[in-house]
Amino acid sequence: MQRALSISRQNFPEWYQAVVRDADMAEPSPVRGCMIIKPWGWGIWERMQALLDARIKATGHENAYFPLFIPLSFIAKEAEHVQGFAKEMALVTHHRLKEIDGKLVPDPEAKLEEPLIVRPTSETIIGDSFSRWIRSHRDLPVLINQWANVVRWEMRTRLFLRTSEFLWQEGHTAHANSEEAVEETMRMLEQYRAFAEDDVAMPVIAGEKPANERFPGAVATYSIEAMMQDGKALQAGTSHYLGTHFSEAQNIRFQNDSGELQYCHTTSWGMSTRMIGGVIMTHGDDDGLRLPPAIAPRQIVIVPMLRDKPEDAQVLEYGHALVKELSGKFALDEKIRVLLDTKHIKSSEKRWNWVRRGAPIIVEIGPRDVANGQVTFMRRDMLRDGDKVKSQAMARDEFVAKMPALLEEMQKSLHAEARTRMDSNIRSDIKTFSDLEAYFGAGSDDDAGEFKGWVRAGWAKPEGAALDAVDARLKALKLTLRNVPADGMKAGGTCIFGGGDAKEDILIARAY
RNA sequence: CGGGGCGUAGCGCAGUCUGGUAGCGCAUCUGCUUUGGGAGCAGAGGGUCGCGUGUUCAAAUCACGCCGCCCCGACCA
């Protein structure tokens, strides 16, 4: 069968790259590890920004912007934080170039007195501002978010999933006490969960990260974990309760109502362009990307069948009228986003380009549609019937009237499909470490592409050296601890790592 | 940074072992035909064969060095 993509999901990593390229989302840059985000990929990011930004504002936060450069001394203040990021920091040391022996080199006389780091995250520089902004309990809480780029010098990069420079939003808040800060941490975790499930149609499991997976400097880290179509877990958003670690390091204090000086309790939380990689691996198929309507830059793309003949004009006129009608309608609480693709390339080529890009509804209109007052269209989420592409004709008025409901249905159906896949691939019946080894093939690579999902098991929540030992045993199986699901203990029983009675459930999976 | 693979036209690849001056499919351009749909025929354009140095009469092919990409590790959102 002819597919829109040359590589199938059987070769998952290659398939992923093919989608990124063939769906016109992004391409590698001349700088190793960075990426050029092309209009279609950027359009998806803009949709995510719009939807998540609305949630961030609806929960009382304000956007602001802090600098890209951070004095080196700032990052050194919080011990764990430094340790966490030291290995992947980009540094600015000079402010001028000079030509020496015909080569442009950093001018030795233009060395910065204090080197600057390119932010890997902004806790320290925002904390510095907070220390000046906050004086009294009346100033609290401070609820700030910023949309920014950050740089982490990664060893191994993949477009969207892990790039040296990536885009994200980072929320930073300061509170009078731990209760309020923890509440904020959980509130934003829930916003990420809802954003992932409702807007991105990506089912996730929200929960607390085990101690060894915590953000450097955090008291507690929470995440949402999504299951990709190869069974691996993707951390798609994180929310951290930072306690007073950063406020103590940066002197973020306030006077309480009794006049005493106290340290603030702070939080931070982020969602990045990695989410786009999650969309690909959650919804993509062997014909390319499939976009949930809520995050599709164009929800309906109309391809006119042009033949360089007089009737082209009528087809185009019909198309323009259709655009006007559809874009006046609402779906998923927003105006429907429609495109009439008038580009002068072969109609068939256009159709397959939009299939690869994952436009939810692809409409084709030709002279006969015009004459009959109808449209022919395909649903990208149900593109094929067996091997054949499934397109259907519908009276134009009926089509226009049905679009809002259909787009909403597609949003739900993509979510349901992914939800079923995730739910049916989380096993709770694996109770011992030897069963875990047997399931994941004892760490060998010869599991021959067989789908391996996640394991949810009870554990005794070991700490310190005992936790490191568990981590090492899992590493041998290429497994990691993902999170402790927030929905309580379901697997329970005895600890899968042999530590006695289980205290809570833990998710175990291979991960990105 | 370690182990493996790879780098030849926009994309996918052959040619490399055994050195002789670059090819195939798709895409692109032109013309004609076709027209409910991933069209047919004919012609054309496009490549410092990743980069450099060496060996040789001659290098995509051999040697050495470097760079980049992919997979698996280490690290991580």
Side-chain angles (χ1 to χ4, degrees), chain A residues 1-7 11-18 21-22 24 27-33 83-89 120-121 150-170 192 209 212-216 221 223-226 233-240 268-278 287 303-309 311-312 315 345-356 362 364-372 374-376 378 383 388-389 391-393 443-446 475-476 478 480 510-512:
Chain A
M1 172 186 20
Q2 205 171 4
R3 288 284 188 178
L5 232 52
S6 56
I7 301 168
N11 308 307
F12 205 74
E14 290 81 7
W15 167 84
Y16 176 82
Q17 290 185 84
R21 187 189 61 228
D22 293 349
D24 263 331
E27 60 186 34
S29 88
V31 178
R32 180 184 159 69
Q83 222 198 340
F85 286 108
K87 285 164 288 184
E88 49 187 38
M89 217 95 85
T121 179
V150 288
V151 169
R152 299 178 187 176
W153 217 260
E154 298 290 348
M155 292 176 168
R156 195 172 149 199
T157 59
R158 293 209 231 203
L159 294 180
F160 291 118
L161 292 176
R162 174 164 292 107
T163 45
S164 294
E165 178 191 20
F166 61 92
L167 307 178
W168 73 349
Q169 63 56 224
E170 48 180 323
Y192 286 147
K209 286 287 202 185
N212 61 323
E213 300 276 346
R214 262 181 216 142
F215 174 73
T221 287
S223 72
I224 52 171
E225 304 281 334
L234 182 80
Q235 180 172 308
T238 50
S239 185
H240 316 286
S268 69
W269 25 274
M271 185 280 304
S272 74
T273 36
R274 169 179 252 202
M275 192 63 137
I276 298 173
D287 287 302
V303 178
M305 300 316 221
L306 303 176
R307 303 208 164 90
D308 295 322
K309 297 235 166 132
E311 61 261 32
D312 281 5
V315 174
I345 57 173
K346 262 191 295 187
S347 310
S348 56
E349 194 57 37
K350 277 195 276 197
R351 176 218 274 204
W352 290 103
N353 283 343
W354 289 113
V355 166
R356 280 184 276 269
I362 300 165
E364 295 179 331
I365 50 172
R368 196 181 298 171
D369 293 306
V370 177
N372 295 345
Q374 64 174 35
V375 300
T376 307
M378 284 158 278
L383 185 68
K388 284 202 305 201
V389 171
S391 69
Q392 54 181 311
S444 65
D445 260 332
D446 56 8
K475 193 168 271 181
K478 297 184 201 162
T480 56
R510 291 192 172 143
Y512 277 97

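So that the names make sense, note that chain A is the first sequence line, chain B the second, and so on, each numbered from 1. Treat the numbers as computed from the prediction; the structure is a model and nothing was measured.
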In whole angstrom, give me the gap between the [atom1] atoms of [N] and [M].
N     : M     : atom1 : result
B:G15 : B:C24 : C1'   : 10 Å
B:A42 : B:A58 : P     : 42 Å
B:G31 : B:G37 : C1'   : 22 Å
B:C75 : B:G54 : C1'   : 39 Å
B:C66 : B:C26 : P     : 41 Å
B:U53 : B:C67 : C1'   : 14 Å
B:G4  : B:U18 : C1'   : 26 Å
B:G23 : B:G46 : P     : 13 Å

Pairwise distance CZ(A:R21) to CG(A:L5) - rounded to 0.5 angstrom
8.0 Å
So CD of A:E165 and OG1 of A:T273: to nearest 0.5 Å the spacing works out to 9.0 Å
Below the 4.0 Å mark, does [N] have OP1 or OP2 next to a side-chain nitrogen or oxygen of [X]?
X      : N     : value
A:T376 : B:G37 : no
A:K346 : B:G38 : no
A:R158 : B:C69 : no

Across the strands shown, which category fits [X] at heavy-atom distances under 4.0 angstrom: base, sugar-phosphate, nothing?
X      : answer
A:T163 : base
A:K475 : sugar-phosphate
A:F215 : nothing

Please report, rounded to the nearest Å, how far the [atom2] atom of [N] is from the [atom1] atom of [X].
X      : N     : atom1 : atom2 : value
A:R156 : B:C1  : CZ    : P     : 16 Å
A:N353 : B:C26 : CG    : C1'   : 14 Å
A:I7   : B:C71 : CD1   : C1'   : 13 Å
A:K87  : B:C1  : NZ    : C1'   : 14 Å

Side chain of [X] (C-beta onward), nearest among [options]:
X      : options             : value
A:K309 : B:C71, B:A74, B:U35 : B:U35
A:R32  : B:C69, B:G37, B:G38 : B:C69
A:E88  : B:C70, B:G38, B:C75 : B:C75

What orientation do A:H240 and A:F215 show, parallel under 30°, tilted 30 to 60°, or perpendicular over 60°?
parallel
Hey, which sits more toward the 5' end of RNA chain B by its nearest nucleotide, A:Y512 or A:E364?
A:E364
Residue pair A:Q17/A:A236 against RNA chain B: nearer the 5' end by closest nucleotide is A:Q17
Suppose we define a pair by two distances each less than 3.5 Å, Watson-Crick or G-U wobble; what does B:G31 pair with here?
B:C41
Heavy-atom count check: over 12 atoms from other residues, nucleotides or ligands less than 6.0 Å from A:W153 CH2?
no
Might you confirm whether atom CD of A:E27 has over 12 heavy atoms from other residues, nucleotides or ligands at distances under 6.0 Å?
yes
Can you see which heavy atom on [X] is nearest to which on [Y], and at what distance?
X      : Y      : result
A:A18  : A:I7   : CB-CD1, 4.2 Å
A:T121 : A:E170 : OG1-OE1, 3.4 Å
A:G278 : A:L234 : CA-CD2, 3.5 Å
A:G277 : A:F160 : N-CB, 3.8 Å

For nucleotides 6-13 of chain B, list the nitrogen or oxygen atoms of the protein found under 3.5 Å from its nitrogen or oxygen atoms, one pair per line.
none

